[in-house]
Amino acid sequence: MSKLTLSIDNQEVIDWAKSFAKDNNTSVSSLVEKYLLSLKKFNERELILSDRLKSLKDAGLRPSEKEIEKHLSKRRKRQM
């Protein structure tokens, strides 16, 4: 096991973390490790976007009126 020293300036956060860990029968170290692992997994996650979604993230690109009407028509049919 490797050691890591954290510096946290906010005493209220430190006290809360210790209390939270105690209430959940764990350690602050374990909480930090789990949090960092979740960040790592999120960062490594490969997002697969459809071409349509990719086009929506580009600024200024909007669907045509025809595409909007087609989408709304499909939604109305699903709601019935």
Checklist entry - Does any non-hydrogen side-chain atom of K77 lie less than 4.5 Å from one of S73? => result yes
Checklist outcome for this item: In this structure, CG of D15 is separated from CD1 of I8 (nearest 0.5 Å) by 10.5 Å
Checklist entry - L31, W16: one ILVMFWY side-chain cluster at the under-4.5 Å cut-off? => result yes
Next on the checklist: Exactly one of K74, E69, E67, R75 should register a side-chain contact (heavy atoms from CB on, under 4.5 Å) with H71. Which one does?
Outcome noted: R75
Item to check | Distance (rounded to the nearest 0.5 Å) between K22 NZ and S19 OG | outcome: 8.0 Å
Item to check | Within one Ile-Leu-Val-Met-Phe-Trp-Tyr cluster: L4 and Y35, side-chain cutoff 4.5 Å | outcome: yes
Checklist entry - Can you tell me how far OG of S38 sits from CD of E33, rounded to the nearest 0.5 angstrom? => result 11.0 Å
Item to check | Nearest heavy-atom neighbours spanning S27 and A21 | outcome: C-CB, 3.7 Å
Checklist entry - Where do K34 and S30 land on the side-chain contact (heavy atoms from CB on, under 4.5 Å) test, with the steps shown first? => result CA-CA 6 Å; K34 288 176 183 175; S30 179; 3.6 Å; yes
Next on the checklist: Less than 4.5 Å apart, side chain to side chain, heavy atoms only: is that true for L36 and K40?
Outcome noted: no
Checklist entry - According to a 4.5 Å side-chain heavy-atom criterion applied to Ile, Leu, Val, Met, Phe, Trp and Tyr, with indirect links allowed, do L6 and L39 form part of one hydrophobic cluster? => result yes
Next on the checklist: Please check if the number of heavy atoms outside E12 that lie under 6.0 Å from its CD is greater than 12.
Outcome noted: no
